[in-house]
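Below: one structure, written as structure tokens.
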Amino acid sequence: MKRLHKGLLFSGMLTLATGLNSCTTLDETLYSQINAAAFYNNRSEILSGVLRPYTHANAWIAPTGQQSYWRLNELSADQLAWPQKGRHGYDDAQWIRLHGHSWAFTENNVWNPWSLLFTGVGFCNSTLGDFNRVDFARAGVNDQEKAAFIAELKVFRAFHYMKLMDLYGNIPIVTVVGEPLSPPTAPRAEVFAFVEKELKENVDLLPNLSKTLIGRITKAAGYAMLAELYLNAETWSGTARWDDCIAACDKIIQGETGGLNGAPALDANLTATFNNTNDNSKEILFQLVYDYQSTPTRCGWSGDFYHFAQRLIYDGDANGNNGVVVIPSAYDAFKDNDLRKSTWMLIGPQYQAADPTKPVLGTEEYRDKPLVFVKEIRRASEGKTSSTMVDGEENSGARFNKYQPGRQSEAKYWSNDWSIYRLTEIYFNKAEALMRKNGGTATTEAVQLINDCRKRAFSAADFGKEAYTTSTLNLNELLAERGREFIFEGKRRTDMIRFGAFTTASWWDHQPSDPTKTLFPIPQRQLAANPNLKQNPGYPAQ
């Protein structure tokens, strides 16, 4: 079914390829030539319209080489960075500004996520608008299917708005393409209310998650979105919603929303959720689907993460830009007996997968010498000890290994799906909500939820002394454990803001920043295009 779904996904992309950038100003029409009523003649054509926003989502939610939501949410936080490494990686200091919270409202790192996310909104709006002119009965789609398709698009649109609200706070709300031409800024609390309304009105119209709906918005995805929305409600709306968060989590935990492979359950080990056969995961609730053996696409994390010679480490076919690394303080946040440290990150001497007796060789400071990844970010080859965003060299920093593509000879080489929501996050969300309700003190249930996830990270012999208790699991430790568990998954900045640490904490080459940095600025080119937009505090108005 995964292969069939992917084919339909690409059909949708080809069908609706017109107007990829049309929603950056929210005033253009996605269809300029196609008569929607004439096009949607059958269920397959209707489904292609529903699927179009999915093919676009890989551009903004996963680390696929674009200036995206993922980059803003990770490279501004306390775990990952893209330091300069010798002659590589300075890139007009854009990564340095992200790490130091000194970004400008004129730069592409700020504008491109806005553009990508509103483009996704535009795809949803365009198809929803077209569906007003479609005779579903004539196309062989019954009323229940019609309601589910429309609900799927509305929930996906709400997901885009939730992420826009997270990054930019006060944003325009547009549900019809081109209306109004210059939409005004809506207060963040109003955007929150819109997202909540769209999710609540449509989530129960969605089907339960099953293998046949892999990668689609289902009840499982919808309730995961509600759980995230309510977990961050105090930040995003000004009012805490812990009970609502718990209720949304319970829908999933109790199996009421279906599962990818039977009832949802935590995967038994640290690799099943992320490997190239992770369509068999019991844990994933919503993912970007890739089937590299049937289509020309794969999740392109290599560009951001891989060393210039990294294909040899995996016996693969892709190297990278030697960019994103784990900063030293984040690497040290993992205990040495934490299996996530040795499984999800690469450190130390690197050898060729095709011949493990041969080391991978460096290409820059360590050209023709064995490549040894080290946690430090410093010019060790020159005998220097300073460690900042400009002091790296080619082997600096532990590396991404959470998603392993496998070898080229494997049947499912690089067909890893990218997980957007997984059951572990739902466990963590419920545990946090329970603790917040309890004045920040862990309850027995909260401890059990976190320990159920954490035990995979330690050997059976070690876990006895590594398990949390109600006295050792506090909110600071929960934030640290969230960082360890969800490293690389695009969630860290949001978590830090909710815990009050994003602008107040220090880490590696970062000092506390201004409280206004919890929001990114409305991009300058959007302000120039739309006079009804209002800039966020702390940034230039024009």
Side-chain angles (χ1 to χ4, degrees), residues 61 69 73 151 154-171 173 186-206 209 217-257 264 285-286 420-443 445-446 449-450 453 475 478-479 482 485-486 489-502 518-519:
I61 200 166
Y69 172 90
N73 228 34
K154 288 185 175 180
V155 168
F156 208 178
R157 180 176 65 187
F159 182 59
H160 286 76
Y161 271 114
M162 183 167 68
K163 297 304 182 181
L164 282 160
M165 172 178 62
D166 179 22
L167 293 181
Y168 303 103
N170 311 311
I171 55 173
I173 300 172
R188 200 182 205 182
E190 185 177 324
V191 182
F192 180 95
F194 169 77
V195 172
E196 181 186 20
K197 180 175 181 290
E198 291 283 284
L199 292 177
K200 289 180 67 176
E201 287 182 352
N202 291 285
V203 66
D204 288 325
L205 298 174
L206 297 169
L209 175 61
I217 300 283
T218 63
K219 278 191 178 76
Y223 275 103
M225 292 172 197
L226 278 169
E228 180 181 1
L229 183 74
Y230 292 135
L231 186 70
N232 292 284
E234 192 166 21
T235 299
W236 293 342
S237 74
T239 302
R241 302 284 292 277
W242 308 123
D243 284 328
D244 289 324
C245 177
I246 292 167
C249 292
D250 282 342
K251 283 277 190 180
I252 297 169
I253 293 170
Q254 294 166 8
E256 297 179 35
T257 63
L285 304 170
F286 179 39
I420 298 172
Y421 288 114
R422 57 190 178 102
L423 187 61
T424 297
E425 183 174 0
I426 302 305
Y427 276 40
F428 270 74
N429 291 356
K430 182 178 180 180
E432 183 180 334
L434 289 168
M435 292 174 67
R436 300 281 188 182
K437 282 186 62 180
N438 198 40
T441 301
T443 65
E445 184 180 6
L449 286 164
I450 301 303
C453 305
L475 287 177
L478 182 61
L479 176 61
R482 283 191 77 105
E485 180 63 31
F486 299 109
E489 294 188 40
K491 303 176 187 294
R492 188 57 177 170
R493 167 189 158 275
T494 307
D495 287 344
M496 293 187 73
I497 290 171
R498 192 174 63 257
F499 281 81
F502 185 67
T518 57
L519 290 178

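Side chains are part of it too, since the values below use all heavy atoms of this structure and drop only hydrogens, waters and symmetry mates. Counting begins at 1 with the first residue of the sequence.
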Charged N to carboxylate O under 4.0 angstrom, [X] versus [Y]?
X	Y	result
E234	R498	no
R422	E485	yes
K437	D243	yes
E196	R241	yes
K154	E198	no

Report yes or no: is the cationic atom of R482 (NZ for Lys, CZ for Arg) under 6.0 Å from the centre of the six-membered ring of Y427, at an angle within 45° of the ring normal?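 Cation-pi check for R482 and Y427: fails.
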
Please report the C-alpha distance between E489 and E425 in whole Å, then the side-chain angles of each, then the deciding distance to 0.1 Å, and finally whether the side-chain contact (heavy atoms from CB on, under 4.5 Å) criterion is met. CA-CA 11 Å; E489 294 188 40; E425 183 174 0; 5.8 Å; no

Exercise: do [X] and [Y] side chains pair donor with acceptor under 3.5 Å:
X	Y	result
Y230	N429	no
D204	Y223	yes
T494	N232	no

A side-chain contact here means heavy atoms from C-beta on lying under 4.5 Å apart; do [X] and [Y] qualify?
X	Y	answer
F428	I450	yes
T441	M435	no
V195	K200	no
M225	I217	yes

Derivation of the side-chain contact (heavy atoms from CB on, under 4.5 Å) call for N73 and K163: CA-CA 10 Å; N73 228 34; K163 297 304 182 181; over 6 Å; no

Examine distances only and state if a side-chain atom of R493 and a backbone atom of T518 form a donor-acceptor pair shorter than 3.5 Å.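 Yes, because the side chain of R493 sits within donor-acceptor range (under 3.5 Å) of the backbone of T518.
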
Answer yes or no: is there a donor N or O on one side and an acceptor on the other, between the side chain of R188 and the main chain of D166, under 3.5 Å?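 Pair found, side chain donor or acceptor close to backbone of D166.
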
Any chance you could lay out the side-chain contact (heavy atoms from CB on, under 4.5 Å) test for D244 and L226, step after step, and finish with the verdict? CA-CA 8 Å; D244 289 324; L226 278 169; over 6 Å; no

Please find the pair of heavy atoms, one from A227 and one from C249, that lie closest to each other, and give the distance. CB-SG, 3.8 Å

Could you report the tightest heavy-atom contact between L209 and A220, atom names first, then the distance?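 Shortest heavy-atom separation between L209 and A220 comes out as CB-CB, 3.8 Å.
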
Might you work through the side-chain contact (heavy atoms from CB on, under 4.5 Å) test for V191 and N170, ending with a clear yes or no? CA-CA 7 Å; V191 182; N170 311 311; over 6 Å; no

Considering residues at least two apart in sequence or located in another chain, which fulfil the ring-ring contact (aromatic ring centres under 6.0 Å, His included) criterion with F194? Y161

